[in-house]
Number of protein chains: 2
Amino acid sequence: MDETGARTGAQGGAQQAGAGAGRSRGTVTQRAIERIKAMIGQGLLEPGQRLPTERDLAAELGISRSSMREAIRALTVMGVLEARHGSGIYVTRLEAGDLLETFGVVADLSRGPRLVELLEVRRVLESTAAALAAARITPDRLAEVERHLTAMNATDDPEEILAHDLAFHREIAAAAGNDTMAAILEGLSSRTFRARVRRGCQEEGAFARTRREHAAIHRALAARDPDAARAAAAAHVAEVEEWLRGQAGG
Amino acid sequence: MDETGARTGAQGGAQQAGAGAGRSRGTVTQRAIERIKAMIGQGLLEPGQRLPTERDLAAELGISRSSMREAIRALTVMGVLEARHGSGIYVTRLEAGDLLETFGVVADLSRGPRLVELLEVRRVLESTAAALAAARITPDRLAEVERHLTAMNATDDPEEILAHDLAFHREIAAAAGNDTMAAILEGLSSRTFRARVRRGCQEEGAFARTRREHAAIHRALAARDPDAARAAAAAHVAEVEEWLRGQAGG
DNA sequence: GCGCCACAGTGGTCGGACCACCTCCGTGGT
DNA sequence: ACCACGGAGGTGGTCCGACCACTGTGGCGC
């Protein structure tokens, strides 16, 4: 639409002129990200709502589709947007689970001393969640916890054990009634993370102990005893923590 | 290198054929993200190390530069990679602060009941951090805490108060000796988040109370009393939590 | 009335071009 | 011999235009 040569000064020239306090900082993509994020923050974009097309969005912000796509991709991995092929781009429900999905990569990529820190955080949150769950858990959810506990003890398949182990803790976290906390714990217990820890831990015959600890947590929940549940959960995580501390140099 | 017409079946044809268990799931960009993440996870890419150029990377994975750029952008916002214009792409130090930077958007985008959940998490972590800090804090760091405390009380400028408030809590979190926990708290106390809460809270004359609570936390730290520090920090956050609970429908 | 298919719209991918920026090294001076 | 300057090459950042794969919906035929 405009002369091709004008593109040279597009970023520095045309944009900066219009604003005294305008922030032309960073890349255009970065600005697009902030812009969309702001739209959602201001309530202009409701959860679940569909956005204009990439092409329209790009035109609206005066950037190319490539840059806009990068911005959308960024917001997608953040769990803010969701792109459905052939349909459109939508705002997620913006619930804790959506936004904290990336949290798992932290656990996956952390190493050495960081793992201990991660477990320390998990110990604090997991024990709190257990205490809350002890006070609030419903009978049928408690039954579900019990189901995973027995299923975990009934099989030898490490894969299946891990799955039930995860479900066991997930159910407790959900019962605590704080979705945000549950989502963080979910990330802290990401599959590859647990698998990595368990691989070594399990070999040292520490398996029976894990079974006992899980049973203790379940007992506390059944007895609706928050303090006992907190202590049991803390001890459970602390065990792994202690093992890891000795393992990876602490 | 290959016939242009072959592009048609590139995604569905060539890839899926070669693998029984191979995961050709999702978009090429998604695969590229997983691939690079895996490289880092396996230690092939060390923190701080420089990656090949976008062009080489794209060629290596057999995708276009556009797609590779989207993958890089995604990993950039996750805090895993860092792109320096004109220089290259580097792996971050992969420290807690880098990886948990996105955590702030959760606080910024959360609304209603979620904010209470967020504060509940913060209360748990903040009180734990305070307790740890009480046991570990060094004299000069304690002096720094004190400095922010007095500076916060010495001015009327809301902007400056907020800055010192943030620094006050940040210093305590850092003194706890758990960078991961500190990084999470940093996100939970993101600037826009605090500003949003304070705006309303401050008006109701709850300012003097905040001052007292901060003083109580500082006293507990100076006395090296973990229990008192934990209680004071929990009470401090609980105040805001309570106010918010009544505000946004609880 | 029901099911099927063609069509238009959308995100996904690609290749190439150019710009802004950084890095490094060679040149020139002192 | 040393340092300051400057250009060349390489890198990420941006843009464009095209095409593919998928989805949704409408109309057509049965």
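In what follows, chains carry the letters A, B, and so on, assigned in the order in which the sequence lines appear, proteins first and then strands, with residues in each chain numbered from 1.
In this structure, the CE atom of M68(B) is 17 Å from the P atom of dG16(C), given to the nearest Å. Taking atom CD on E54(B) and atom P on dC19(C), their separation rounds to 18 Å, with Å as the unit. Distance E82(B) CD to dG13(D) P: 11 Å, rounded to the nearest Å. Going from atom CD1 of I89(B) over to atom P of dC22(C) covers 16 Å, rounded to whole Å. Computed from coordinates, the H85(B) NE2 to dG12(D) P distance equals 9 Å when rounded to whole Å. In this structure, the CD1 atom of I63(A) is 17 Å from the C1' atom of dC19(C), given to the nearest Å. In this structure, the CG atom of L81(B) is 11 Å from the P atom of dG13(D), given to the nearest Å. Whole-Å rounding puts the I72(B) CD1 to dG12(D) C1' distance at 9 Å.
No donor-acceptor contact under 3.5 Å links the side chain of R84(B) to the base of dG13(D). For R65(A) against dG12(C), a side-chain-to-base donor-acceptor contact under 3.5 Å is present. For R69(A) against dT13(C), a side-chain-to-base donor-acceptor contact under 3.5 Å is absent.
With respect to L81(B), the side-chain contact (heavy atoms from CB on, under 4.5 Å) criterion is satisfied by exactly one of T92(B), I40(B), D98(B): I40(B).
Candidate nucleotides dC16(D), dG12(C), dG12(D) were compared by shortest atom distance to the side chain of T53(B), and dG12(D) ranks first.
For the pair S87(B) and dG10(D), the criterion of a side-chain N or O lying under 4.0 Å from OP1 or OP2 is not met.
At a threshold of 4.5 Å between non-hydrogen side-chain atoms, the residues R73(A) and Q30(B) count as touching. A 4.5 Å side-chain heavy-atom check between I89(B) and E82(B) finds every atom pair outside the cut-off.
Of the two residues contacting DNA chain D, namely S66(B) and P52(B), the nearest-nucleotide position lying further toward the 5' end is that of P52(B). DNA chain C is contacted by both R50(A) and E70(B); R50(A) maps to the nucleotide lying nearer its 5′ end (nearest heavy atom per residue). Mapping G86(A) and R55(A) onto DNA chain D by nearest heavy atom places R55(A) at the nucleotide closer to the 5' end.
Side-chain contact, D157(B) with T155(B): no donor N or O sits under 3.5 Å from an acceptor N or O.
Contact detail for M181(A) and L125(A): the closest heavy-atom pair is SD-O, 4.0 Å.
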